[in-house]
Amino acid sequence: MNYLVTGGAGYIGSHTVKALIERGDDVTILDNFSTGHRWATQGQRIIEVDLRDLHLLRSALSGETFDGVFHFAAKSLVAESNQRPLFYYQNNVAGTANLLEVAIENNWMHFVFSSSAAVYGTPETALIAEDHSTLPINVYGKTKLAMEGMMQDVCAAQEFSAISLRYFNAAGAALDCSLGESHEPETHLIPNALKAASGSGQPLTIFGYDYPTPDGTCIRDYIHVEDLANAHLKAMDYVRNHQGFEVFNLGNGQGFSVKDVFSACERAAGKSIPHVLGDRRKGDPTSLVSDATKARKILAWEPLHTKLEGIVESAWAWETK
Ligand SMILES: NC(=O)c1ccc[n+]([C@@H]2O[C@H](COP(=O)([O-])OP(=O)(O)OC[C@H]3O[C@@H](n4cnc5c(N)ncnc54)[C@H](O)[C@@H]3O)[C@@H](O)[C@H]2O)c1
């Protein structure tokens with residue numbers, strides 16, 4: 001099969017490209033390299049274009065044939081999204097409308113889309129399933145929900161099929177150490193803790209230590225990036241055989257506190273990590289843990305790297321490489 005991967009130079013996109021190549025598919029990466037990296041593209045064919053420019057997008061993709069599209073490209077910094085809402089609506093929502101338009105013109109009718117647990121907002125239940133209410137509390141989450149709505153409407157209007165994958169916290173690195181997480185600025189806990197450990201980053205700030213949890217810190221669900229990549233392959237196989245729109249959570253189904261993660265990072269690094277205790281961040285829910293039963297049942301997906309230790313060790317191997 002021959003796939004287009006938008007955002008294939010980014011963290012999760014590049015790991016998915018790797019998984020596609022390993023199973024023998026052909027891949028073309030579409031990216032504007034705003035946060036992606038050339039080193040992460042592993043010699044794949046690249047179309048360098050910005051999704052916001054419909055004219056350039058159309059001409060860059062004219063005459064191409066793809067069996068499906070993986071759509072990772074988006075901006076995803078929560079604080080930035082609240083400060084620059086129009087930039088986020090332009091990049092994520094308008095960019096997706098352009099991509100859908102060009103895809104339909106070219107008859108690429110199967111989409112797998114990167115959504116986020118941010119669409120749920122403040123959780124009402126300990127485990128969050130797909131039927132949980134969607135009331136995002138930041139602009140980033142609102143753009144993801146708008147992108148989902150757009151795809152759902154397109155699926156209802158014509159013979160188009162799309163799957164939206166709502167990821168919880170992507171973490172870790174390729175086990176062969178060829179790829180890993182590299183964002184600037186980095187806002188994710190594990191890379192920031194490991195950068196503090198290796199001396200290449202600032203001391204880690206733990207945001208909030210008075211939450212109503214056993215150790216006072218927030219609880220999150222971490223899913224290894226290779227497990228996420230595999231879920232995308234299964235989702236594409238599914239969407240190519242099922243018309244319509246479906247949503248799946250992708251998570252570990254287990255919650256780990258910030259302190260659990262911090263201790264796992266200290267064990268992986270074999271040293272104590274410089275850190276400071278900071279105030280709670282606005283809009284950080286106490287706990288966000290997935291119920292990913294639907295993906296397990298319908299996509300026959302099973303995460304393999306569910307232990308926090310293994311996730312953190314792969315990230316440390318990448319950080320020290
Ligand atoms: N990392 C996570 O934990 C997480 C969690 C939930 C959802 N997501 C979603 O998954 C996707 C991938 O996340 P990531 O962490 O790999 O992000 P990333 O920033 O590493 O990758 C995004 C890629 O998209 C490209 N891009 C962005 N805007 C573009 C545009 N207008 N035109 C062309 N290319 C563009 C960037 O250059 C980059 O290569 C995003 O949609 C993100 O919202 C990520």
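Just follow the structure's listing: the first ligand is 1, and inside any ligand the first atom is 1. Side chains included, hydrogens not; waters and symmetry mates left out as well; all remaining heavy atoms used.
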Answer yes or no for [X]: is there a heavy-atom contact with ligand 1 below 4.0 Å?
| X | result |
| --- | --- |
| Ala171 | no |
| Arg166 | no |
| Gly95 | no |

Quiz item: So is there a nitrogen or oxygen of Leu30 less than 3.5 Å from a nitrogen or oxygen in ligand 1?
Solution: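 No: no nitrogen or oxygen of Leu30 is under 3.5 Å from one in ligand 1.
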Self-check item: Protein heavy-atom partner closest to atom 35 (C) of ligand 1 - residue, atom, separation in Å
Solution: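 That would be Asn32 OD1, 3.1 Å.
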Self-check item: Closest protein heavy atom to atom 42 (C) of ligand 1, given as residue, atom name and distance to 0.1 Å
Solution: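 Going atom by atom, the protein heavy atom closest to atom 42 (C) of ligand 1 ends up being Tyr140 OH, 3.5 Å.
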Exercise. Determine whether more than 12 heavy atoms belonging to other residues, nucleotides or ligands lie under 6.0 Å from atom CG of Asp210.
Key: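 Count over threshold, so yes.
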Exercise. Can you establish whether the number of heavy atoms outside Glu64 located under 6.0 Å from its atom CD is more than 12?
Key: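 Buried by this count: over 12 neighbours within 6.0 Å.
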Show me which atoms of ligand 1 lie under 4.0 Å from any heavy atom of [X].
| X | answer |
| --- | --- |
| Lys144 | 40 (C), 41 (O), 42 (C), 43 (O) |
| Ala73 | 24 (O), 26 (N), 34 (N), 35 (C) |
| Gly36 | 36 (C), 37 (O), 38 (C), 39 (O) |
| Phe33 | 37 (O) |
| Val49 | 32 (N), 33 (C) |
| Ser115 | 6 (C), 7 (C) |
| Asp50 | 30 (C), 31 (N), 32 (N) |
| Ser76 | 42 (C), 43 (O) |

Quiz item: Considering the options His110, Gln243, His242, which one meets the side chain to side chain donor-acceptor pair (under 3.5 Å) requirement together with Ser161?
Solution: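 For Ser161, the side chain to side chain donor-acceptor pair (under 3.5 Å) check succeeds only for His110.
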Practice problem: Cation-pi check, Arg280 to Tyr211: give yes when NZ or CZ is under 6.0 Å from the six-membered ring centre and within 45° of the ring axis, no otherwise. | Solution: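 Ring-cation test returns yes.
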Exercise. May I ask you to check if Lys294 and Phe248 form a cation-pi contact, with NZ or CZ under 6.0 angstrom from the six-membered ring centre and within 45° of the axis?
Key: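 Because its charged atom sits under 6.0 Å from the ring centre and within 45° of the axis, Lys294 does stack over Phe248.
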Exercise. For the pair Phe72 and Tyr167, name the ring-plane relationship: parallel under 30°, tilted 30 to 60°, perpendicular over 60°.
Key: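 Tilted.
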Quiz item: Between Tyr140 and Tyr88, how do the two ring planes meet: parallel, tilted or perpendicular, split at 30° and 60°?
Solution: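 It falls in the perpendicular class, over 60°.
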Practice problem: Please work out whether any backbone atom (N, CA, C, O) or any side-chain heavy atom from C-beta onward of His183 is under 4.0 Å from ligand 1, and answer side chain, backbone, both or neither. | Solution: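 Under 4.0 Å from ligand 1, His183 contributes side-chain atoms alone.
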Practice problem: Examine the proximity of ligand 1 to His37 and report which part, side chain or backbone, both or neither, has a heavy atom under 4.0 Å away. | Solution: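 For His37, there is no contact with ligand 1 at all, from either part.
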Self-check item: Option from Leu99, Asp67, Leu100, Leu61 for which side-chain contact (heavy atoms from CB on, under 4.5 Å) with Trp108 holds
Solution: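 Going through Leu99, Asp67, Leu100, Leu61 one by one, the side-chain contact (heavy atoms from CB on, under 4.5 Å) with Trp108 is satisfied by Leu61 alone.
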Quiz item: Would Ser34 and Lys75 count as having a side-chain donor-acceptor pair, cut-off 3.5 Å?
Solution: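 Checked: Ser34/Lys75 side chains pair up, N/O donor to acceptor below 3.5 Å.
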Self-check item: Best match, Phe72, Tyr11, Phe70: closest heavy atom to atom 11 (C) of ligand 1
Solution: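 Looking at heavy atoms only, the winner is Phe72.
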Practice problem: Run the salt-bridge test on Arg296 and Glu302 with the 4.0 Å N-O cut-off and return the result as yes or no. | Solution: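 Judged by the 4.0 Å cut-off on N to carboxylate O distance, Arg296 and Glu302 do form a salt bridge.
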